[in-house]
2 protein chains.
Amino acid sequence: MAKREYRQHCALARALDLVGERWTLLVVRELLTGSKRYKELLANLPGIGTNLLATRLSDLERAGLVERGDRSYSLTPRGSELEAAVLALARFGAPLLAEADGEVYWSASWNPIALKYAFRPERARRLRGTVEYRVDDSRVQARFRDGEIETAAESSWRPDVVVTTDGETFLALSAGELDPRDAEAEGSLEIAGDRALFRRSLRAFGVS
Amino acid sequence: MAKREYRQHCALARALDLVGERWTLLVVRELLTGSKRYKELLANLPGIGTNLLATRLSDLERAGLVERGDRSYSLTPRGSELEAAVLALARFGAPLLAEADGEVYWSASWNPIALKYAFRPERARRLRGTVEYRVDDSRVQARFRDGEIETAAESSWRPDVVVTTDGETFLALSAGELDPRDAEAEGSLEIAGDRALFRRSLRAFGVS
DNA sequence: CCGGATCCGTAACGATACTG
DNA sequence: CAGTATCGTTACGGATCCGG
């Protein structure tokens, strides 16, 4: 049978024909932070089912959005063009994170994307410097300059401040439920370097 | 049974929990151009099935994104926040419009959205004025100013130029397959007012 | 006629077992 | 490890029916 498509001459419908099916944009999200192995994808997409992941990957490959490298998958340049759409959707969904009901999965590997969609340029006009966030096993660097943010997964720049914490503390801080001062006092947060820069970065992300 | 959700503490996943199902974002697209009746939605969403449309609308209503008025549906303020995500997805999908395979549906009522996602600020820095596009039964106004575009469905402003054409010609012009000069010569395009402004608006939309 | 609701066949998805 | 194969369940699509 023919694939299920909208058959509309509409840019939105065409985009959804490619990436509108279940799990597809979450696979893209995973690959936006760099190439991943099959089992890494599976680990960050609990519930997807191995057959469906394989189907999605091959569909994305046929669509020219994903390419398989040496034992890994990554986005093509065309696939990377989805970043703006992913960030826009995430900005819409961000307010819903407060409703933390029950058992939910979270991975520190999403931080590079979270930093990007949470960043509010109007709150960071004069912010300048590089912050490295170390959460669990993940390290992300954010470089602020001229009201813009650049992120890098690895140690690309010399950080002005390094922040180390665990996932639970990081989430509580993000939600504004925990004050950095308290976290530091109880030893679950460590700040090495320009402490003022770290504080101002929090405000740039809308953390009260 | 519980609704099918991703159960991830991720802003993208939360957004998709609300609007990630089939047809949902197309319903939102319809309502982005103003309130619509049930049958109007049905007409612009061929293939959706009456039961599914009803389900989507009530789901969106429960999610606080849609409200039903007097015999019509419209977006709530929260629902309108989806515009950025819809436009971002449309920008990604726009290049795919060239692959016009077979029978596809199109409606002039999508023009307000099409004008927005197709607009390229960097090509319209000094563009200034109001253009009214009349295609089939639809009228859209676009006001250019300071490298930005504003659109309105009705006759909100005094247009500097009014362009009248039919859907087929409009699509051919958009695709760059037809030169406005030729269209005008054969009588399928009518330009009343500031002709230079109309030409420059085409370039702002990336039409060669 | 509009705005759905009901019913049913088909396609998509989810979970697990299995294989190179 | 990286997927197929299989199978039960859910979602979707199309048609028909129904109340105001």
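Source: prediction; values computed, not measured. Numbered from 1 within each chain, the chains take letters A, B, ... in sequence-line order.
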Expressed in angstrom and rounded to an integer, what is the separation of [X] atom [atom1] from [N] atom [atom2]?
X        : N       : atom1 : atom2 : value
Asp70(A) : dA2(D)  : CG    : C1'   : 13 Å
Leu53(B) : dG3(C)  : CG    : C1'   : 10 Å
Tyr6(B)  : dC13(C) : OH    : P     : 9 Å
Arg56(A) : dA12(C) : CZ    : P     : 9 Å
Glu21(A) : dA11(D) : CD    : P     : 16 Å
Leu45(A) : dC13(C) : CG    : P     : 14 Å
Leu42(B) : dC12(D) : CG    : P     : 16 Å
Lys3(A)  : dA12(C) : NZ    : P     : 9 Å

Under the side-chain contact (heavy atoms from CB on, under 4.5 Å) rule, collect the residues that match up with [X], sequence neighbours excluded.
X         : value
Ser138(B) : Ala108(B), Asn111(B), Val140(B)
Glu40(B)  : Lys36(B), Arg37(B)
Ala94(A)  : Tyr117(A), Ala11(B)
Asn44(B)  : Glu30(B), Tyr105(B), Ser107(B), Ser109(B), Trp110(B)

Discussion item. Below the 4.0 Å mark, does dC1(D) have OP1 or OP2 next to a side-chain nitrogen or oxygen of Lys39(A)?
Written reply: yes
Worksheet item: Distance check: side-chain N/O of Arg37(B) vs OP1/OP2 of dC1(C), anything under 4.0 Å?
Response: no
Distances under 3.5 Å only, N/O to N/O: pair up the protein atoms with those of nucleotides 13-16 of chain D.
residue: dG13(D); atom: OP1; partner: Arg22(B); partner atom: NE; Å: 2.6
residue: dG13(D); atom: OP1; partner: Arg22(B); partner atom: NH2; Å: 3.3
residue: dG13(D); atom: OP2; partner: Trp23(B); partner atom: NE1; Å: 2.7
residue: dG14(D); atom: OP2; partner: Gly47(B); partner atom: O; Å: 3.0
residue: dG14(D); atom: O6; partner: Asn51(B); partner atom: ND2; Å: 2.8

Worksheet item: For residues Thr24(B) and Arg56(B), is any side-chain donor paired with an opposing acceptor at under 3.5 Å?
Response: yes
Worksheet entry | Residue pairs passing the side-chain hydrogen bond (donor to acceptor under 3.5 Å, both in side chains) test where at least one lies in residues 77-88 of chain B, sequence neighbours excluded | Arg78(B)-Glu81(B), Glu83(B)-Lys116(B)
